[in-house]
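What follows is a set of notes on a single structure, which appears directly below.
Whatever order the structure lists them in is the order used to number ligands and atoms, beginning at 1. Since we're looking at a predicted model, the values are computed, not measured.
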Amino acid sequence: MKKIFLLTIIFANLIFANKTFRVGLVPKSLGNAFFEAVRDGGLEAAKETGDIKIIFNAPATATTEGQAEVIKSLIAQHVDLILVSANDPDALVPVCKKAMRRKIKVISFDSAISPNGRILHIAPADTKYVAEQELDLILDALGSNVNEIAILSETPQSSNQNEWILLMKELLKSNSKYKNLKLVEVAYGGALPDKSYREAISLMNKYPDLKGILSPTTIGVAAAAKAVVDQKKVGKIYVTGLGLPSEMAPYVHKGAVKSFHLWNPIDLGYATIKISHQILNGKEPKPGVVYDTGRTGKLVIDKNNNTSMCEPFIFNKSNIDKYSKIF
Ligand code: RAM
C-alpha cells in the first residue's frame, strides 16, 4: 500500500515537473510584420523559460469575429493562457469570459480588452507618451504656421488607436502648443495596406491644403508615406506615426517622413511571455505586483490591472539604418 502511494507521488511529480504550458498568442491579424516581431520576442522568452509552447494564430484580416473564432478554437484546445491584441475592447469580452470560466488566463497586450474580459493588460507605452509625442513629431516636421492635418487609423473599433486618437484630439483642443494644427478628418484603412494607401490618397485629394498625415499604426504609416512619394508630394505633405524602421527606411531617405516613433515589438513579445510565465506559476496580477521580465525590466501593475513598458523611441535619418536591420 505504502509502495503504491509513493509511486503515485513520484509519478505525479514527474508529470507536473514536465508540464508544458500552452499559450495562445492572438494578434489583430496575420501578415503584419509588427506582430511577427512580437512573436519572435515571445519565442525567445519561451525558449528561456523552457516550458512554454506558443500557438500563434489570428484571422487573415483585423476583425473581431475572426479573433473570436480563433479564441474559441484555443478554448477547445484547452490552452493554459491566451494573449490577445484586441480589434475591439468590448466585443471580445463574452468569448474571453468563457475562456476564463474554463480556467484559462486571458491577458490583453498591445491593444486592450475591457477590464471585465481579461486579468491584465500589457501596454507597450503609456497612452500619453504616444499621443503627445506624435503631435510633437508632426509639429517638428511642419513648423508653427497654421497647418491642416489628418489622421489615418486602422478600424474604427481598434482599442489602442482609439485611445491614442482620443487623447490627440483632447491635446489639440487643450494645449496651446498645438493651436495651429487643424485636424480635418480621421480616416480608416482597416489595417490593410491597400485600403490605407487609397484612404491616404483620397485625403490628399479631398484636402488640397493638407500638410500632414499622422498614422498611429505601422500598416497605415507605411501606406501613407508610400502614397506621398507616389503622388510626388514629398516636401509638401509630411507623414509621421508609429512605424517599423524596416518598413519606413525608404520613406525617411526619400524625405516623405522626417521622423516617426515606436517601441521595440520584439521586447513587447519578450516581456509579455515573461509575465505570462510568472502568472502561470501562480503570481497573479494585482495592483502593486511587480514582474521582473529580465532584460525588459521590472513592470509594476497599476490600480486598473494594467502595466506599460516604456516611452516610444524616435527614428529619423540619423538612426534609421541601424534599427531597420532589427525590426
Ligand atoms: C499596428 C497595430 C498594433 C500597433 C502598431 C503600432 O501594427 O495596430 O496594434 O501597436 O501598429
Checklist outcome for this item: Those residues at least two apart in sequence (or on a different chain) that pass side-chain contact (heavy atoms from CB on, under 4.5 Å) with Glu170 are Leu166, Leu167
Checklist outcome for this item: Within the 4.0 Å heavy-atom cut-off around ligand 1, the contacting residues, ordered by chain and number, are Lys28, Asn32, Phe34, Phe35, Asp110, Glu154, Asn160, Gln161, Trp164, Thr217, Thr218, Leu242, Leu262, Trp263
Checklist entry - Is Lys177 paired with Asp136 through a side-chain N to carboxylate O contact shorter than 4.0 Å? => result yes
Item to check | Those residues that, when tested against Gln157, pass side-chain contact (heavy atoms from CB on, under 4.5 Å) (two or more places apart) | outcome: Asp88, Thr155
Item to check | Any donor-acceptor N or O pair under 3.5 Å, side chains Asp40, Tyr270 | outcome: no
Item to check | Lys211: partners by side chain to side chain donor-acceptor pair (under 3.5 Å), with sequence neighbours left out | outcome: none
Next on the checklist: Can you classify the ring geometry of Tyr323 versus Phe315 as parallel (below 30°), tilted (30 to 60°) or perpendicular (above 60°)?
Outcome noted: perpendicular
